[in-house]
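Since the structure comes first, as structure tokens, the remarks are kept for the end.
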2 protein chains.
Amino acid sequence: MLSITEENYLKSIYKIAESDGIPVSTNSVAARMQTTAASVTDMIKRLSDKELLEYEKYHGVQLTEQGSRVATQLIRKHRLWEVFLTDQLGFRWDEVHDIAEELEHIQSPQLIERLDRFLGHPRFDPHGDPIPDANGHWEHRQQVLLSELLPGQAGIVTGVNDHSPAFLQYLQQLGLTLGARISLQETVAYDQSLQVVIEYGAPQNLSDKVARNLYVHPSAE
Amino acid sequence: MLSITEENYLKSIYKIAESDGIPVSTNSVAARMQTTAASVTDMIKRLSDKELLEYEKYHGVQLTEQGSRVATQLIRKHRLWEVFLTDQLGFRWDEVHDIAEELEHIQSPQLIERLDRFLGHPRFDPHGDPIPDANGHWEHRQQVLLSELLPGQAGIVTGVNDHSPAFLQYLQQLGLTLGARISLQETVAYDQSLQVVIEYGAPQNLSDKVARNLYVHPSAE
DNA sequence: ATATTTTTTTTGACTTGCCTAAAAATTTAT
DNA sequence: ATAAATTTTTAGGCAAGTCAAAAAAAATAT
């Protein structure tokens with residue numbers, strides 16, 4: 001049985017590897033876990049003893065098959081709970097992360113399989129992130145960042161890159177929730193901001209920061 | 001913020017006080033928590049420093065108002081999750097205790113209020129135990145042990161005194177689930193066993209052990 | 001190629017929660 | 001009222017997880 005702390009380290013390492021590649025550095029883990037490099041070195045040794053990751057001194061870590069499985073199951077649990085919180089309990093998409101962060105550590109595998117069935121085997125969470133199946137596999141959706149669209153193109157909102165409540169609340173306010181249609185009129189060279197139309201509303205301007213944190217599925221104009 | 005361990009101590013102390021009265025002895029806590037008296041003394045000091053209980057050396061402990069509130073809220077959370085697990089996810093009444101034991105430590109008060117609403121503000125859990133409201137109050141049902149019924153009387157099953165899976169499974173098999181009607185024909189002097197009829201079935205015999213662990217609401221014969 | 005900066009590890013120490021063994025206090029029995 | 005038994009506390013120690021400070025290794029700059 002792994003402690004909650006050990007589970008959190010594995011999940012962080014998994015996510016860092018996903019975005020930055022392997023090997024995963026001590027410092028990057030420390031930054032993500034909001035702790036010190038010394039603590040990370042300590043934990044890495046323990047997880048290596050348990051064969052959840054491979055560790056070469058001074059050269060970072062890499063999850064083993066087993067460590068990877070733990071991480072993806074945590075992600076599965078996290079995302080299923082997020083679906084429960086929004087779809088069944090009526091939470092907003094910007095409220096569910098912290099609660100799911102706790103719920104993902106509940107141990108019963110039976111609970112998760114029943115929850116999955118109860119929710120109708122959802123394949124994406126409230127932020128559009130894919131939910132791994134019981135074997136850790138998930139489907140990858142065809143999506144691009146809004147900032148990658150060309151003027152004249154349109155897309156359907158499929159996910160976010162920044163999961164912060166502030167960003168999610170702003171998107172909600174703009175009507176840019178999952179499934180919303182957005183079409184790009186033109187880009188402003190001066191600041192890379194975009195002139196867009198959301199769901200056939202009035203044209204408006206979105207910053208490049210927003211554009212670089214929103215995923216869309218390109219669709220016909 | 002309290003640790004899961006601290007919360008579990010408070011809940012244990014609350015339950016011991018409920019059944020044995022106050023003050024609660026170090027040894028009784030050690031027995032319930034499956035740990036040693038030395039560990040209990042240790043923890044008691046910490047909880048006393050946090051003003052969750054009053055502690056007089058060698059003379060046991062008593063929860064403060066604040067400690068009591070923590071304990072009843074834990075019980076509230078535990079029982080609400082049990083309702084969720086049986087009513088929504090389809091678990092049997094003998095399967096839910098251990099999972100709820102983990103879920104009760106999830107911290108969000110908002111989550112519990114929404115869960116309560118989602119479940120329709122249930123007042124009793126799957127074992128017939130009352131669910132405290134947000135203020136820690138609950139309604140007490142008029143019930144007696146089956147062993148206290150007199151021959152000729154009947155009752156409706158309202159709860160159990162022994163929550164072990166073995167007992168719950170046996171009751172299920174007998175058809176003695178919540179709401180079932182049972183009527184007492186006669187008591188056997190030799191071993192205090194009972195001759196009963198469950199839901200108008202064939203007469204059968206129940207041990208005094210069963211009778212002392214099953215609550216019924218007396219009803220007309 | 002050497003010096004400087006950055007990253008990582010080691011060291012020593014702290015807290016929480018647990019244990020065993022021994023000592024102290026209380027309760028029970030005579 | 002004293003002895004015996006029980007309960008509780010103290011003392012000392014261990015493992016997990018944390019930190020700051022110092023040392024070591026690696027990466028970068030000149």
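Chain letters run A, B, ... following the sequence lines, proteins first and then strands; every chain starts at 1. Just the heavy atoms: all of them, side chains too, but no hydrogens, waters or symmetry mates, feed the values below.
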Could you tell me which residues satisfy salt bridge (Lys or Arg N to Asp or Glu O under 4.0 Å) with A:Asp116, sequence neighbours excluded, listed by chain and number?
A:Arg76

Going by atom types alone, do A:Asn27 and A:Ser25 pair a side-chain donor with an acceptor below 3.5 Å?
no

I'd like to know whether the aromatic ring centres of A:Tyr14 and A:Tyr9 sit less than 6.0 Å apart in this structure.
no

For the rings on A:His127 and A:His97, is their centre-to-centre separation under 6.0 Å?
no

Sequence-aligned protein contact record of nucleotides 1-16 of chain D, with B where the base is within under 4.0 Å of a protein heavy atom and S where only the sugar-phosphate is
------SBBB------

Please tell me whether B:Asp94 and B:His163 have a donor and an acceptor in their side chains that are separated by less than 3.5 angstrom.
no

Using a distance-only test with no angle check, is there a side-chain donor-acceptor pair under 3.5 angstrom linking A:Trp81 and A:Glu104?
no

Would one find more than 12 heavy atoms of other residues, nucleotides or ligands at under 6.0 Å from atom CD of B:Glu51?
no

5' to 3' contact window, DNA chain C with chain A (heavy-atom distance under 4.0 Å)
C:dT7 to C:dT10

Please check if any side-chain donor atom of A:Arg114 sits under 3.5 Å from a side-chain acceptor atom of A:Gln110, or the reverse.
yes

Between A:Ser39 and D:dG17, does any side-chain N or O lie under 4.0 Å from OP1 or OP2?
no

